Amino acid sequence: MTKKMKFIGSEIFEYEVFKIRDIYDPILKQVSPIFDFSSPPIDPKFLANSLMETMVANYGIGLASNQIGLLYRAFSMGGNKTGAICFNPEILSTEGEDYFEEGCLSASGLFLKIKRPTTIKVRYSEFSGVVKEETFTGLTAKIFAHELDHLNGVVFTSLVNTFHLDRAKKKVKRNLKLLAEQREKA
């Protein structure tokens, strides 16, 4: 991979679009260590930009650093126009629960119904090290929880029983075809 640069306003952003690791890569089972802002193991701004650019390039709405082979406690979530990069994220409290069909960039075409909180109060740091506390609901809460699971070494396939996983795997080929058709129309 090669570093790329883009201008947003008068600021230059360096980033790299990484290859996404598949669901069976052992790095996805590892717990990501706390990101040390006092002695950063990688430029946090570069990591933030790379996570967001890799996520967008792969049509995702969330991407954890271990999914691109980097064992740092950080993930991106959102989309092309808006998004957040969360370093050292944690869930402080939850409310409600419901099932939601989730996908994962490390398991293209696989969709599973996962039970998640409907509302979460969270704390995380921005790439600058500034700590934020926010409350997320709906899809944003689900994305945050899914990506935090990745940083804790939990893959979403481990949250369902074998019967539901096997049924979902049978639909992957069809789902990939539908996703490709949607992307062609966009």
Side-chain angles (χ1 to χ4, degrees), residues 1-4 15-35 41-42 44 46-79 83-91 97-117 120 124 139-184:
M1 294 286 155
T2 24
K3 282 188 181 179
K4 299 178 180 184
Y15 66 94
E16 197 169 312
V17 174
F18 286 84
K19 181 181 183 291
I20 294 179
R21 304 295 179 96
D22 82 11
I23 203 94
Y24 303 107
D25 193 306
I27 197 168
L28 294 182
K29 299 277 188 182
Q30 295 181 41
V31 175
S32 298
I34 296 295
F35 191 90
I42 187 174
F46 172 78
L47 178 58
N49 292 330
S50 296
L51 281 167
M52 188 61 73
E53 293 294 330
T54 302
M55 180 187 76
V56 170
N58 287 278
Y59 305 97
I61 55 174
L63 181 66
S65 62
N66 58 346
Q67 289 180 274
I68 59 172
L70 302 174
L71 207 54
Y72 304 121
R73 202 155 188 84
F75 65 74
S76 61
M77 63 180 205
I85 307 296
C86 303
F87 284 80
N88 302 327
E90 56 184 313
I91 295 176
E97 282 186 328
D98 67 357
Y99 284 91
F100 184 79
E101 195 168 72
E102 295 183 14
C104 182
L105 288 175
S106 291
S108 292
L110 183 65
F111 296 98
L112 301 169
K113 282 195 177 194
I114 306 291
K115 191 180 204 179
R116 299 266 187 208
I120 58 175
Y124 65 91
L139 180 60
T140 308
K142 312 259 186 265
I143 296 167
F144 192 99
H146 178 107
E147 299 311 326
L148 182 56
D149 275 354
H150 274 302
L151 299 182
N152 291 330
V154 177
V155 178
F156 81 134
T157 54
S158 69
L159 302 176
V160 298
N161 64 39
T162 307
F163 173 77
H164 288 107
L165 181 58
D166 289 343
R167 274 183 56 190
K169 284 180 177 179
K170 290 177 183 174
K171 298 177 183 176
V172 168
K173 191 173 181 179
R174 178 184 59 103
N175 291 341
L176 288 172
K177 184 179 177 187
L178 290 172
L179 288 170
E181 289 170 3
Q182 288 174 350
R183 290 176 184 153
E184 281 180 22

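The basis for the numbers below is simple: all heavy atoms, side chains too, and nothing from hydrogens, waters or symmetry mates. All values reported here derive from a predicted model rather than from experimental measurement. In what follows, residues are counted from 1 in the order of the sequence shown.
Rounding to the nearest 0.5 Å places CG of Asp25 at 12.0 Å from CD1 of Ile20. Here the CZ-CG distance, from Phe35 to Asn88, works out to 8.0 Å after rounding to the nearest 0.5 Å. Here the straight-line distance linking atom CE of Met77 with atom CG of Leu51 works out to 12.5 Å at 0.5 Å rounding. Here the CG atom belonging to Leu71 is positioned 12.0 Å from the CD1 atom belonging to Ile42, to the nearest 0.5 angstrom. The distance from the CD1 atom of Ile85 to the CG atom of Leu47 is 8.0 Å, given to the nearest 0.5 Å. Atom CG of Asp22 sits about 12.5 Å away from atom CD1 of Ile27, to the nearest 0.5 Å.
When only modelled atom types and interatomic distance are considered, Ser106 and Gln67 share a side-chain donor-acceptor pair under 3.5 Å. Arg73 and Asn152 form a side-chain donor-acceptor contact under 3.5 Å, judged by distance and modelled atom types alone.
The two residues Ile143 and Ile61 have their closest heavy-atom pair at CG2-O, 3.4 Å. Nearest heavy-atom pair, Ala141 versus Pro117, reported as atom, atom and distance to 0.1 Å: CB-O, 4.2 Å. Between Glu147 and Ala64 the shortest heavy-atom distance is OE1-N, 3.1 Å.
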| task | Mind running side-chain contact (heavy atoms from CB on, under 4.5 Å) on Val155 and Tyr24 for me, showing each step along the way? | result | CA-CA 9 Å; Val155 178; Tyr24 303 107; over 6 Å; no
| task | Apply side-chain contact (heavy atoms from CB on, under 4.5 Å) to Val17 and Ser50, showing your working. | result | CA-CA 6 Å; Val17 174; Ser50 296; over 6 Å; no
| said: Before you tell me yes or no, could you show the steps for Phe100 and Leu139 under side-chain contact (heavy atoms from CB on, under 4.5 Å), namely the whole-Å CA-CA distance, both residues' side-chain angles and the distance that decides it to 0.1 Å? | reply: CA-CA 9 Å; Phe100 184 79; Leu139 180 60; 3.5 Å; yes
| task | Test side-chain contact (heavy atoms from CB on, under 4.5 Å) on Lys170 and Arg167 and set out the steps. | result | CA-CA 5 Å; Lys170 290 177 183 174; Arg167 274 183 56 190; 5.7 Å; no
| query | Would Glu102 and Arg116 count as a salt bridge (Lys or Arg N to Asp or Glu O under 4.0 Å) if you check the C-alpha gap in whole Å, the side-chain angles of each, and the deciding distance to 0.1 Å? | reply | CA-CA 10 Å; Glu102 295 183 14; Arg116 299 266 187 208; 2.7 Å; yes
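Put simply, the side chain of Phe46 reaches to within 4.5 Å of the side chain of Glu16, judged on heavy atoms. For the pair Glu184/Glu181, no side-chain contact is recorded, criterion being any heavy-atom separation below 4.5 Å from C-beta on. In this structure, Arg21 and Ile68 have side chains that are not in contact, with every pair of non-hydrogen atoms separated by 4.5 Å or more. Annotation: side chain of Met52 is not in contact with side chain of Asn49 (no heavy-atom distance under 4.5 Å). Inter-residue side-chain proximity for Tyr72 and Asn66 is flagged as unmet; no heavy-atom pair is nearer than 4.5 Å. Between Lys169 and Leu110 the shortest side-chain heavy-atom distance falls below 4.5 Å. Counting only heavy atoms from C-beta outward, the side chains of Leu159 and Val154 approach each other to under 4.5 Å. Under the 4.5 Å side-chain criterion, counting only non-hydrogen atoms from C-beta, Leu63 is not in contact with Phe75.
With respect to the salt-bridge test (charged N to carboxylate O, under 4.0 angstrom), the residues Glu101 and Lys113 do not qualify. Here Lys142 pairs with Asp98 in a salt bridge; the nearest charged N to carboxylate O distance falls below 4.0 Å.
For residues 154-174, the ring-ring contact (aromatic ring centres under 6.0 Å, His included) pairs, not counting sequence neighbours, are His146-Phe156.
Judged by distance alone, with hydrogens and angles left aside, the side-chain atoms of Ser65 form a donor-acceptor pair with the main-chain N or O of Leu70 at under 3.5 Å. At distances below 3.5 Å, not a single donor-acceptor pair connects side-chain atoms of Ser76 with backbone N or O atoms of Gly62. Panel note: side chain Asn175, backbone Gly109; a donor-acceptor pair is recorded below 3.5 Å.
Using the six-membered ring where Trp is involved, Phe144 and Tyr124 have ring planes that are tilted, between 30° and 60° apart.
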